Amino acid sequence: MASESSEKKKARRNLKKRARVNSDQHLERLNSLPWSSSLPESNGAGDDGFSLFIGSDELEGGFLTLDEIDESEYGLDIPNDNVKSERQKLKGKTKSKKRKIYEGDADESSGGELSNESDNKAKESIEEDEKKEVKRKKKKKNVKRKKKDHQQNNETIKAEETAEPAAECFLQHENLTSASDGRDNGDAEDDSVDEEEYYAWNELRLHPMIMKSIYRLNFKEPTPIQKACIPAASHQGKDVIGAAETGSGKTLAFGLPILQRLLEEREKEERLMAEKGEANERIAPQGVLRALIVTPTRELALQVTDHLKAVALGTNVRVVPIVGGMSTEKQERLLKARPEIVVGTPGRLWELMSGGEIHLVELHSLSFFVLDEADRMIETGHFRELQSIIDMLPMNRESAESQPQNTQSCVTVASLQRKKRQTLVFSATLALSHDFRKKLKHGSVNAKKDGLNSIETLSERAGMRANTAVVDLTNASIMANKLVESIIDFTPHFFIIAYPHIKCMDPSFRDAAAGTPKGSFAQLLASLIGFASSSQVYFHVSIGSNFHVSQNIRFNEFLVQHQRVEQNKNEVDIRIDQSETHCLVQLPWKRVLTGIGGNKARCSGFEQIPVNYVAQSSQVSGTRIDLNVRGSEQSSVDRFRANEHGILVATDAAARGLDIPGVRTVVHYQLPLSAEIYVHRCGRTARASTDGCSIALISPNDASKFAALCKSFAKESFQRFPVEISYMPEIMKRSSLAHQIDKIVRKDSQEKAEKTWLERNAESVELVLDDDDSEEDRVKKYRQNKSKSNQLKKLQQELNTLLSRPLQPKAFSKRFLAGAGVSPLLQHQLEELSKQKLGNVSNFDSNKRRKLVVIGQDCVEPLQALRSASNEACLDLKEIAEKHKNSDNLRRKRKEMKKRESKGKSYNNEKVSTPNCAECYQIIATSMDGAIRR
Ligand SMILES: Nc1ncnc2c1ncn2[C@@H]1O[C@H](COP(=O)(O)OP(=O)(O)OP(=O)(O)O)[C@@H](O)[C@H]1O
């Protein structure tokens, strides 16, 4: 018995020894690898590793095989079919082996011997398996502990990061998503993940911590751009230029390689420490900047930060946004925590860098320089700061690559980080020239000296290497697959008849339309579209002048006034921020808003508007208004994000990158200045393979612009959006009332503001203001005020009554013109009119009859309305050119008429008479009929 037990001890000692040798060999093998386990060695100038991916997800080799990755090292499981089935087999094997041993033991106890070779091998392998299992459990515990520490860290940092509501919002959103999936963020949740569902990620061989986040985010498979870019950037260590449609997941296409590299290096550091016997020491974050991501706008920077944070959750990798609007002190505080990843806008980044912010100027360890929306970066106004930032990047490429290769065999923690810097450039509209690709391929990438005026120069300046992977997955249309594009075009004829109608129905619109005749009519039509929407509508408006800002705000009021009032929700939140090129207005859907003017004076210096002025308006209208100060407009986007029925009015500053799930409609209230902007605007909907539609409002003045747009996309036709003109009279009524109220309220507020200004200034120079008014004057004033307030009350009451009524009665769904709340007489007139029209229409081929899409009452979504009216009308470019010509002629004629009038000549015979209401409806009906025929 004694000899037997000593034999067993010996066998165990042998087993331990063998295990140690194995692990030493394993460590040696890992250490002999370059920094990225599968990064190819640089092969100097002769390297022709250039790879071009066009519409394909072909990948280059040079990876570790799955067998080479020891998942137990991470204490987590990689979702891999093969690995999983191997493990199951192993389990089965272990069980059967165990059974065998027990049987052996039984045999032994019954006098049998356990000395045969196969049994020994089996025993060895079981012990090895068991050791691995113990090691795995230990690691898992460590990971859990680290995660806990990290969460505590995060909480501390989070307290600092109060200015990052978007981050929380994203996480909340994700949490909500996972909660709705019946999952939470705990560890237990991961156990319940069906890893097989995520098998498509296996080939990317991402770090298990990243995979865990992917399970949590419920991203079943990588998008094509991710599939193409992740291996190139993260396993082959290449620079990448990536282009793919909007909403295709480009953020993670550059975000995941960054995390992957940081985590890989951290693993390696841990191993190094373990080798040195410092295994129990917790690896502290390195405290150097590893990745700098530059985006054109602050909203985008915040969004990218959130997205990366969501993926980096639990990894101890810190991501911080550096954007304008946040206080510099707060950002300095955030940077003191020495985050590895910084996402920022060029302006603020450069401000801090040039100010010597230590974390941003110590760039020796920078491993990633990322330009998101790169083509925007080269536009005027951005590149100067960006160029300065790029010039700050250390010229480490050649020196790093010329280091002797044997340094890789003596890896140190610092040397892990000092490897090549990768440059990643992304956008949905990267206009890469053929020349540039050629140049990259032949390695002749000499930076031009004349600034960053093209994407080529930008990439060259940023130090992109010759073996850059160009991943261009943009299709011919460039648009997202599920986007339905449409237009509303106003024919000159339509416009002319509509304009007098507006004149007679609502004088305030005459003023609004002054100078930009399109303005008012576009508003009307846009409101008709808006009315149809039951989901979010996202408006993009270029603000070329303050007048436009005012129009936008007015437009919003206009829209909102015509929504049915939602019970118990009498509050309206308006967030307005007007920085140089930026105006975001968010209004909840279906709420009443009155009392906000948006006249030129107010918008000419929005930030200078006295808050009490706005507050007074809000009191009168019973609404709550928040004036957003510069920099905190992100909360508007967040609120919009949170509001299922929100409307966001924004300039093109928000056209790029913003990822707001659930946006179903984009309205181009004004046509964009370039095809790229059009693509990005449209890209706010139909994201991540969802549905969406875009509606462009095109006036005759826009015809040539629109024709150019069509040409850029090689489009010959656009679908016409089915506009329901029958709502117009009712909309005009409400609008008129709202504007009357607005006028009174604004005048009153101005008077009060002036008065307080006088009082304030008098006080400051210690003057006592005498009230010189006689008793008679005071009584007169009091009476005036009283009548004004009565008038206001009456108007408000009237408007409220109208607003509380749907525009069209629920039961009403006839195929002729009518609107809710239209007086019986008017309704009768309209019915007569429409009967007439229908009679005419019936003369046409019945198959060609238009299906009238009744929108509004039943809240038909624009996309739904578009689908119901599918293929009804296509746009003819020739027709557009013709319209343009006609509108020019008309404008000329009108000018001439005005001139003649001003000269005092009498042209009674030629004068165009302004039609009365009934005539107007008739005109509209005629035009409607025209639309029906079309
Ligand atoms: N693999 C994936 N599976 C499912 N959804 C994903 C995946 N990757 C990213 N997403 C989601 O797709 C949406 C769009 O991603 P992202 O904002 O990165 O797109 P983008 O290509 O950068 O768009 P844009 O060009 O407009 O900036 C996001 O909501 C993101 O969470």
Side-chain angles (χ1 to χ4, degrees), residues 57 166-167 169-171 173-178 181 197-204 206 210-211 213-230 240 242-259 293 295-297 299-311 313 343 370-377 424-430 471-475 478-483 538 540 637 641 652-663 666 676-690 692 694:
D57 54 2
C169 182
F170 186 90
L171 291 175
H173 166 71
E174 297 306 340
N175 289 344
L176 277 177
T177 320
S178 34
D181 289 340
E197 277 187 82
Y198 298 82
Y199 74 92
W201 287 96
N202 292 346
E203 68 185 73
L204 302 184
L206 292 169
I210 299 178
M211 282 313 300
S213 297
I214 282 165
Y215 301 150
R216 192 184 61 249
L217 296 172
N218 206 11
F219 294 162
K220 292 281 154 54
E221 54 177 328
T223 61
I225 187 82
Q226 290 164 359
K227 257 190 198 168
C229 293
I230 293 170
V240 175
E245 64 185 53
T246 50
S248 58
K250 291 186 287 295
T251 312
L252 290 191
F254 62 74
L256 293 185
I258 297 175
L259 284 174
I293 302 169
T295 71
T297 61
E299 296 80 20
L300 195 53
L302 292 167
Q303 186 184 290
V304 168
T305 309
D306 301 337
H307 211 142
L308 296 187
K309 271 185 176 175
V311 186
L313 193 75
V343 189
V370 184
L371 292 173
D372 194 12
E373 305 293 352
D375 51 338
R376 171 84 177 108
M377 299 293 200
L424 312 176
V425 172
F426 280 80
S427 179
T429 45
L430 270 183
V471 183
D472 183 359
L473 300 184
T474 42
N475 55 24
I478 313 190
M479 300 296 182
N481 285 339
K482 292 192 177 170
L483 177 84
Y538 194 86
H540 282 270
V637 178
R641 226 183 267 270
D652 286 327
R656 284 174 181 263
L658 279 194
D659 180 48
I660 303 171
V663 172
V666 168
E676 278 89 359
I677 299 176
Y678 178 77
V679 173
H680 286 286
R681 283 178 174 191
C682 290
R684 297 319 99 210
T685 185
R687 297 174 72 72
S689 306
T690 57
S694 95

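Just so you know, ligand 1 is whichever comes first in the structure, and atom 1 is the first atom listed for that ligand. For reference, positions follow the sequence shown, starting with 1. What you see is a predicted model; the values in this text were computed from it and never measured.
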Keeping K482 on the side-chain end and S689 on the backbone end, is there a donor-acceptor pair under 3.5 Å?
yes
Donor-acceptor pair, side chain of R684 and main chain of L658, under 3.5 angstrom
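Yes; judged by distance alone, with no hydrogens or angles, the pair exists.
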Quick one: does ligand 1 sit under 4.0 Å from the side chain of [X], the backbone, both or neither, non-hydrogen atoms only?
X    : value
T246 : both
E221 : backbone
R684 : side chain

Set of residues satisfying side chain to side chain contact (heavy atoms under 4.5 Å, CB included) with respect to S248, sequence neighbours excluded
I225, A244, E245, K250
I'd like to check [X] versus [Y] (side-chain heavy atoms, cut-off strictly below 4.5 Å). Are they in contact?
X    : Y    : value
L308 : I293 : yes
L204 : P222 : yes
I214 : L256 : yes

In terms of atom number and element, which parts of ligand 1 are under 4.0 angstrom from non-hydrogen atoms of [X]?
X    : answer
T251 : 16 (P), 17 (O), 18 (O), 22 (O)
G247 : 14 (C), 19 (O), 20 (P), 21 (O), 23 (O), 24 (P), 25 (O), 26 (O)
S248 : 19 (O), 20 (P), 21 (O)
H307 : 28 (C), 30 (C), 31 (O)

Should W201 be listed as contacting ligand 1, given a heavy-atom distance under 4.0 Å as the test?
yes
Where the closest heavy atom to [atom] is concerned, which of [options] has it?
atom                    : options                : answer
atom 14 (C) of ligand 1 : R687, H680, E373, Q226 : R687
atom 19 (O) of ligand 1 : A244, P222, G255, G249 : G249
atom 11 (C) of ligand 1 : F219, F426, Y198       : F219

What residues, two or more places apart in sequence or in another chain, satisfy side-chain hydrogen bond (donor to acceptor under 3.5 Å, both in side chains) together with Q226?
T223
What residue among L206, L259, I258, D306 forms side-chain contact (heavy atoms from CB on, under 4.5 Å) with V311?
L259
